[in-house]
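In what follows, a single structure is set out as C-alpha cells and then discussed.
Quick caveat: nothing in here was measured; it's all calculated off a predicted structure.
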Protein chains: 2
Amino acid sequence: MKNSEKQLRDSGIRPTAMRILVHQFMQDQSSAVSLTAVEDNFERSDRTTLYRTLKTFEDKCLVHQIDDGTGIPKYALCKHDAVEGKHGDLHLHFHCTQCNQTTCLTEHRIPTISLPDGFVPEDINMLVKGICDNCNL
Amino acid sequence: MKNSEKQLRDSGIRPTAMRILVHQFMQDQSSAVSLTAVEDNFERSDRTTLYRTLKTFEDKCLVHQIDDGTGIPKYALCKHDAVEGKHGDLHLHFHCTQCNQTTCLTEHRIPTISLPDGFVPEDINMLVKGICDNCNL
DNA sequence: AAAGAGCGTGCAATGGTATTGCAATTATAG
DNA sequence: CTATAATTGCAATACCATTGCACGCTCTTT
C-alpha cells in the first residue's frame with residue numbers, strides 16, 4: 001500500500017519514512033491501538049516521536065482518539081474522508097473486557113439524542129463494554 | 001441530612017465520620033466531582049483515604065465513576081437503589097467543555113443499541129460533550 | 001552547488017494521577 | 001477490658017502524557 005504516502009500528502013502532512021510506516025501499521029490493525037502498542041512495533045523509534053506522530057495524524061483527521069475507559073487512549077484510522085478539520089464519523093466503540101481490545105463499529109452510527117433545554121452538543125462518544133465476537137466463540 | 005449514615009449502613013459500609021462527611025458532600029454536588037475536588041474540600045484528610053472512600057462507595061454501588069474524556073475520573077452518587085452489586089442506571093453524561101463540569105442526565109436513558117453478531121454488551125457509556133445550560137445563558 | 005530556514009526526531013526531564021505497603025490509630029466484638 | 005479487625009495517614013512506587021531542547025535532515029532559495 002504505497003497509498004499511505006498519498007494520504008499523508010493529501011492531509012497536508014509531510015510523508016517522512018516514520019510517518020508512512022506508522023500509517024501503514026495503523027492500516028493493518030483491526031482494532032484500535034495504544035501508543036505503547038505502536039511503540040512496541042517500532043522499537044527503533046522513540047516513544048515521543050510516535051506520540052507526536054499520532055497527534056499530528058489526529059490534528060489532520062487521519063486518526064481519531066478513542067477513550068475506552070481503561071485510561072489509556074487508543075487510536076484508529078478514520079474511515080471517512082477528512083472533512084475540513086472536523087472529525088465527522090460518530091460511530092460506536094466496543095471495548096472487550098476479556099481480550100482488552102477496542103474496536104470501531106463503524107457501521108453503527110450513534111443515535112441522535114435529545115438533551116434538556118440549554119445543552120448544546122458538540123461531540124458524542126458512545127462506548128459499549130462486553131465480550132467481542134472473537135472471545136465469544 | 002442524617003440520612004447519609006443510614007444509607008452507608010444499608011449498603012454495608014461502616015459509617016465513619018469521614019465517610020459520612022464525604023457522602024454528604026457528594027449529595028450537595030450538582031455535578032460529578034474528581035478526587036482532587038473532594039480532596040480540596042477536606043484538607044484535613046488524606047488523599048488516599050478519600051480515594052479509598054470513593055472506591056468503597058463505588059464497590060457498594062453508592063457511587064458511580066464517570067469517564068468524561070478528560071482522563072480524570074469523576075464520581076457521582078447513584079440515584080437508584082443499589083441493585084445487588086450491579087450499577088443499574090445507564091444514563092447520559094454531559095461534559096461541558098467550557099466550565100469543565102460533568103453532569104449526570106439521569107432522565108435520559110441510553111437507547112438500546114444493536115450490535116453485530118457475537119458481541120455481548122455488559123455495560124454502556126454515553127458521553128456528550130458541549131456547552132451546558134449554565135454556560136449557555 | 002552551497003547556505004539557510006523550517007520541520008522532524010530523539011533524549012532527558014517534568015508533572016500529574018492512580019495505586020499499593022506498612023504502621024499507627026480507631027472502632028467493634030467477645 | 002482485651003483482642004481482633006477495619007480504617008486511616010504517610011511514604012513510596014509506577015505509569016503515562018507532555019514538554020524543552022538540541023541535533024539532524026530536507027527542502028528552498030540564491
Find out whether A/F94 and A/D68 are in side-chain contact, i.e. whether some heavy atom of one side chain is under 4.5 Å from a heavy atom of the other. no

Is a donor on one side and an acceptor on the other found under 3.5 Å between the side chain of A/T70 and the backbone of A/I72? yes

B/E58 CD to C/dT19 P: how many Å, rounded? 10 Å

Quick check: do B/S4 and B/Q27 have side-chain heavy atoms less than 4.5 Å from each other? yes

Relative to the 5' end of DNA chain C, which residue comes earlier, A/I13 or B/P73, by the nucleotide with the nearest heavy atom? A/I13

Length of the CD-P vector between A/E5 and D/dT26, whole Å: 13 Å

B/Q65 has an atom CD; how far is it from atom C1' of C/dA18, in whole Å? 10 Å

Measuring only between side-chain heavy atoms, which start at C-beta, is B/H23 closer than 4.5 Å to B/L77? yes

Where along residues 41-54 of chain A does a heavy atom come under 4.0 Å from DNA chain C, residue by residue in number order? A/S45, A/D46, A/T48, A/T49, A/R52

What is the distance from atom CG of B/L92 to atom CZ of A/F119, rounded to the nearest 0.5 Å? 10.0 Å

note: A/L21, atom CG; C/dG8, atom C1'; distance rounded to Å ~ 15 Å

D/dT8 C1' sits how many Å from B/E39 CD, rounded? 15 Å

With heavy-atom distances below 4.5 Å as the criterion, would you say the side chains of B/Y75 and B/F57 are in contact? no

Round to the nearest Å and state the distance from A/D68 atom CG to D/dC16 atom C1'. 14 Å

Should the pair A/D10-A/K6 be classified as a salt bridge under the 4.0 Å nitrogen-to-oxygen rule? yes

Side chains of A/P121 and B/V128: closer than 4.5 Å at any heavy-atom pair? yes

B/I72 CD1 - D/dC16 P separation (whole Å): 17 Å

Evaluate the side-chain proximity of B/K129 to B/C96: yes if any heavy-atom separation is below 4.5 Å, no if none is. no

Write down the distance between CG (B/D59) and P (C/dT19), rounded to a whole number of angstrom. 12 Å

Tell me, for nucleotides 23-30 of chain C in 5' to 3' order, what letter each nucleotide earns: B for a base near a protein heavy atom under 4.0 Å, S for only sugar-phosphate near one, - for neither? -----S--

